[in-house]
Amino acid sequence: MEKGKGVMGAGRRWAVDFTDNSTSPASRDVPDPLGFSRASLDQDDSAVSRQKKDAEANWKSQKAWEVAQAPFKNLMMMGFMMWMSGSTVHLFSIGITFSALWQPLSALQGVGKVFEPYKDNKVELLVPKLLYIALNLGGLALGVWKLNTLGLLPTHASDWVSSLPPAQEVEYSGGGIPLH
Amino acid sequence: MAAIGTRVLSVLLFLSLSNLASSLYEDQVGLMDWHQKYIGKVKHAVFHTQKAGRKRVVVSTEQNVIASLDLRHGDIYWRHVLGADDAIDGIDIALGKYVITLSSGGSILRAWNLPDGQLVWESILKGSNPSKIMLIVPTSFRVDRENLIFAFAGGCLHAVSSIDGEIIWRKDFAAKSLEVQQVIQAPAEETVRVLGYVESSQFHAYEINPRKGDEIKHVNVDFPGGLSADTVLVSDDVLVALDATRSVLLTILFQDGEINFRKTQILSLVDDSHGVVEILPCKLADMFALKTNKFLVLAKVMDGGVVELVEKIKEAAALSDAVSLSESQQAIALARHENQKLHIIIKPVHDWNIDLLKETIKIDNQRGLVHKVFINNYVRTDRSYGFRALIVMEDHSLLLIQQGEIVWCREDGLASVIDVTTSELPVEKDGVSVSKVEQSLFEWLKGHILKLKGTLMLASPEDVAAIQNMRLKSSEKSKMTRDHNGFRKLLIVLTGSGKVFALHTGDGRIVWSLLVQSLRKSEKCDYPTGLRIYPWQVPHHHAMDENPSVLVVGRCGPSDDAPGLLSFIDAYKGEELDSLVPIHSIVQVIPLPFTDSTEQRLHLLVDANQRAHLYPRSPKALTIFRSEISNIYWYSVEADNGIIRGHVSKGSCSHDEDEYCFDPKDLWSVVLPAESEKIVASETHKINEVVHTQAKAIADQDVMYKYISKNLLFLATTAPKGSGEIGSATPEESWLVVYLIDTITGRILHRMTHQGSQAPVHAVFSENWVVYHYFNLRAHRYEMSVVEIYDQSRADNKDVLKLVVGKHNLTSPVSLYSRPEVTAKSQSYFFTHSVKAITVTSTAKGITSKQLLIGTIGDQVLALDKRYLDPRRTVNPTQAEKEEGMIPLTDSLPIIPQSYVTHALKVEGLRGIVTVPAKLESTTLVFTYGVDLFFTRLAPSRTYDSLTEDFSYALLLITIAALIVAIFVTWIWSERKDLQEKWR
């Protein structure tokens, strides 16, 4: 909201808006003075306010796009870090990989919150949201891919059979060289 | 999943900077290991009391040990364990400073320094024929003359210088076909007398000049009746012998160059004697002892060879040799049992009616009868004679008795351990008193504060000593209850004397001991020997309140078809619960994988005719067995004939009505060609081995399926020429063939020939691999080989999706009749040591990696990681293989000094190594036995599942407390600061 203020009042520090936009007379305590027609005033002011609203919506959608594209930078940085960390398992690479997995996940969880400030009837948020989700999913995929290169994904047969107990045997035998 | 696990684990291992050797710090010695030294059953004892300050006795034992013992405490001053085939025939002290031993069938004469036991000299005596072996060390010696020792062995009399062991002269009596019976040095005449028979009907006496070895005199006389080899010297010139019928005593007098003899009917001495009469080989001075079937007869030889009866002793008794008190006086000790008590009577030879000493001692029943007595006299301050008696009991223990008391006692039965099993201790009960808890809490805290001081390097040297002492004597490890980690157990050992001991694993003390009645000589059983010991009843779950019991299997005689005997022993109380003597012969014992309702394990005892007998003999056990009978097989390895046979039950025995007996039906046999192969070794899995997984993840996430079957037999054969000693065959005529045989169907799964190799073979079989040790004649080195078997028929199970869903039959029961296809991988390495025993560590779940435990020729135990014996090792492993932990191939196996499990100790005469899993997966208990005993705990992959012993709990608690305090302090500070901010 603070940013919005800056856009609206160019150079003004503060403003008091005397325009009364309410239309229903019942909501006011004081009755309108005689000869005062509210309708004419509304008409007069509507052009200005529409202009203002348009600017705000514009700004909001612009911001929403910016926010939606933000994970891309993150993605690039993550990729670089991953490349740096190498493909052997050690503390650093595990840390990077897990942060690469955790960041997109937490971002995806908070999709609604991130785009809440730009919520507006006139602003189309679906496309930025989708982009945001897609980029984060990309980050997640990158993390998973890294996990796989580290060999920490159970994608091989050995991961599934290595704790299988030996098969039971039907027969039982004993014996040997005579005891002495 | 486990692949991930291993990867993470490898990271952790990397972090903990572990290397392959799991070594020990100096101050950790004795924390979890104990070592006990023994000598075995004493054969001869020579007292040495020339200097009052050093009261010692030198003994030789049946375990081929010579030792010098402290007479005050029974401690070992020094000890030498001679080889297994170096039996000691005679021992004596020469010149007052050398211990002379004659060993190896009279072929090796050695002198040891008496104070410290160092070898002074050694002489090899060459003899031609087997004969009696005698060692004569002259007691009276003169300074001006060289002191000679006379050793008679191999039909030759050798005179050896006692200074340097040089053989001065040698005289062959075997060439004269003389069977020498006695050799004496007659001190008065300064000659050596050799007495013997020719064709057991002529008696010859030679007088020999001790300096040159030439014959001075030779007389002989005929005995038409014939003579037996039983003779005893009564004095310098009187010999007592039995005639060939063993019914007539002959007193042979050889005085003034003449031989006179006198016959005495044994019946005139003992009126109701029948059976075999023996002369006891005791040197009694003018007396001799006869043993008949009922009595021990003491008789005296009077002037002119007249034999006079002195005493008949009905009870079990033992006699000592005569000791001389003064020039004319000699004394004999007689130990006899009467009313559960031991009487030691010392009498002078000249007057049997006087008792110089009579002592009555109460001796533990579990020690059995007296076997040997050795006495030694000393002069008391009041100039009277005092005596000390060294007694060898039936259980091989050694006791010193002085002034009517047992001064010390050594449990030397433990030097002849035959077999070992373990038993859990009882569960800890509730109701510990409060004061005890407080006491222990205080102690605990004190101990931990001391430890903390040690950790923070604040401890003074006394504190350090106190810490070390506390660690060594921790009462925790010697408690008589079960612990969480399963470190505390009872080791139940069966010894050669027929005594069963229960040792505590914590400190090695004897919890109970039992001389098993059925393993003692009796009318039903002449020569009982123990064979094996098995856990019989291991109660858990519903039979928790019963005590566990063990089964002792024995045999009445040396041959395979001798009647068997069984004894059941309570593992907590050490009482014999039941015994079966005698029963059918026992050649094999097969513990079955079934227990009855009282948790008694079913056992199948196979007799010499390959019939199987079921135990316990109860209808319930029979029902269980009958329901499984079609799947139970047994096999016999006839090493002499080169045949392996497989059997299955045909039905109840036809020859008698015993329903617990089952006739065998031959299923298969493997006949090895006798001219080219001779069986030298066989090995199977341990019965109680636990295998964690059937798959082995290899490099690149691939998987191999192990062929895990308990029904596999490893068999090694060599060419008949190669079965002798190393070096007796050339590489061309010797080979070693190894087999892996399926014991259900008789199928040979794998066969491999090692050209130019030979026995002895030692093998160990575990999971899907066999490791064996043999000698390579071409390389002149010992080798170790490994064979790993993999199941080829399972190799296709690699579809991840199917495995995830569980659509596979990898865990369904298999029959060996399905004849699975297997492949074997093998590799050989040089190994420096020759090996006495080899085994593998075993853990509770089988997850921990394995180590081979090798009993080396130096009587130590070496732990060798199984990873060194991996047939997939290559010279240049790939990156993935390196990650897997594969070690690059080298031609020989490394011997890392730190990986000796026995660290600086030696388990003399090592015979076996037993590993028992603890409850803690990482840890295994190792018990090594020989003449000595050694016990320790091993963690082949380090103790990854528990904190180390010396972990400072106090430090941890203090850190936590300090952190909590810090949290509160900073919280208060921040509150205060906030308040100040707001007031500003």
Side-chain angles (χ1 to χ4, degrees), chain A residues 78-79 81-105 137 139-180, chain B residues 1-4 7-8 10-11 14 531-532 553 555 560 586-593 604 606 628 631-637 639 646 679 682 684 691-698 701-703 705-706 708-711 713 743-744 797-800 803-804 810-816:
Chain A
M78 221 62 216
M81 296 252 284
M82 278 175 184
W83 177 68
M84 289 292 285
S85 69
S87 65
T88 48
V89 184
H90 50 80
L91 215 56
F92 188 61
S93 65
I94 288 181
I96 297 273
T97 313
F98 279 96
S99 83
L101 286 173
W102 187 78
Q103 263 186 11
L105 280 177
L137 282 178
L140 196 67
L142 198 69
V144 171
W145 171 79
K146 181 71 192 172
L147 210 58
N148 193 28
T149 52
L150 289 179
L152 297 178
L153 272 191
T155 50
H156 296 273
S158 62
D159 301 323
W160 295 93
V161 295
S162 53
S163 59
L164 275 186
Q168 221 184 338
E169 280 184 286
V170 177
E171 295 95 355
Y172 185 85
S173 76
I177 293 178
L179 295 179
H180 52 84
Chain B
M1 290 302 206
I4 300 168
R7 266 153 185 269
V8 174
S10 71
V11 174
F14 176 76
L531 291 174
R532 291 285 187 278
V553 178
R555 183 184 282 164
D560 277 358
I586 302 170
V587 294
Q588 203 50 252
V589 181
I590 306 167
L592 297 176
L604 216 52
V606 182
E628 299 285 345
N631 286 328
I632 291 169
Y633 298 75
W634 61 95
Y635 61 93
S636 54
V637 180
I679 296 172
S682 81
T684 51
V691 182
H692 176 243
T693 173
Q694 55 173 295
K696 181 177 182 173
I698 54 170
Q701 311 275 301
D702 210 349
V703 64
Y705 291 93
K706 299 175 194 171
I708 293 163
S709 168
K710 296 232 163 180
N711 302 315
L713 173 73
T743 56
I744 303 294
N797 283 300
K798 279 180 183 165
D799 191 340
V800 181
L803 290 169
V804 174
L810 291 173
T811 48
S812 50
V814 288
S815 164
L816 283 170

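Just so we're on the same page: letters track the sequence lines, and every chain starts at 1. Note that the structure is a prediction, hence the values are computed from the model and not measured. Hydrogens, waters and symmetry mates are skipped; everything else that's a heavy atom, side chains included, is used.
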With chain A, which of [options] has the greatest number of heavy-atom pairs at distances under 4.5 Å?
options: B/Asn631, B/Asp702, B/Ile586; value: B/Asn631
options: B/Val814, B/Thr811, B/Thr684; value: B/Val814
options: B/Val703, B/Leu604, B/Val637; value: B/Val637
options: B/His692, B/Lys706, B/Glu628; value: B/His692
options: B/Ile744, B/Leu592, B/Val589, B/Ile708; value: B/Ile744

What is the minimum heavy-atom distance between A/Ser173 and B/Tyr635, and which atoms define it?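 Nearest heavy atoms, A/Ser173 then B/Tyr635: OG-CE2, 4.1 Å.
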So how far is it from B/Lys710 NZ to B/Thr743 OG1, rounded to the nearest 0.5 Å?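 Spacing of NZ (B/Lys710) from OG1 (B/Thr743) equals 12.5 Å.
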Atom group of [X] that falls short of 4.5 Å from chain A, counting heavy atoms:
X: B/Val606; answer: neither
X: B/Ser709; answer: both
X: B/Asp560; answer: side chain
X: B/Leu810; answer: both

Those residues that, when tested against B/Ser636, pass side chain to side chain donor-acceptor pair (under 3.5 Å) (two or more places apart):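 By the side chain to side chain donor-acceptor pair (under 3.5 Å) rule, B/Ser636 matches B/His647.
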Just to verify, what does B/Ser815 make a side chain to side chain donor-acceptor pair (under 3.5 Å) with, not counting sequence neighbours?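 Here the qualifying residues are A/Glu171.
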Donor-acceptor pair, distance only, cut-off 3.5 Å: does the side chain of B/Arg532 make one with the backbone of A/Leu179?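 It does not hold such a pair.
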Is a donor on one side and an acceptor on the other found under 3.5 Å between the side chain of B/Thr693 and the backbone of A/Leu164?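 At least one qualifying donor-acceptor pair exists.
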Quick one: does A/Ser85's side chain get under 4.5 Å of A/Lys146's, heavy atoms only?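 Contact flag for A/Ser85/A/Lys146 side chains = yes.
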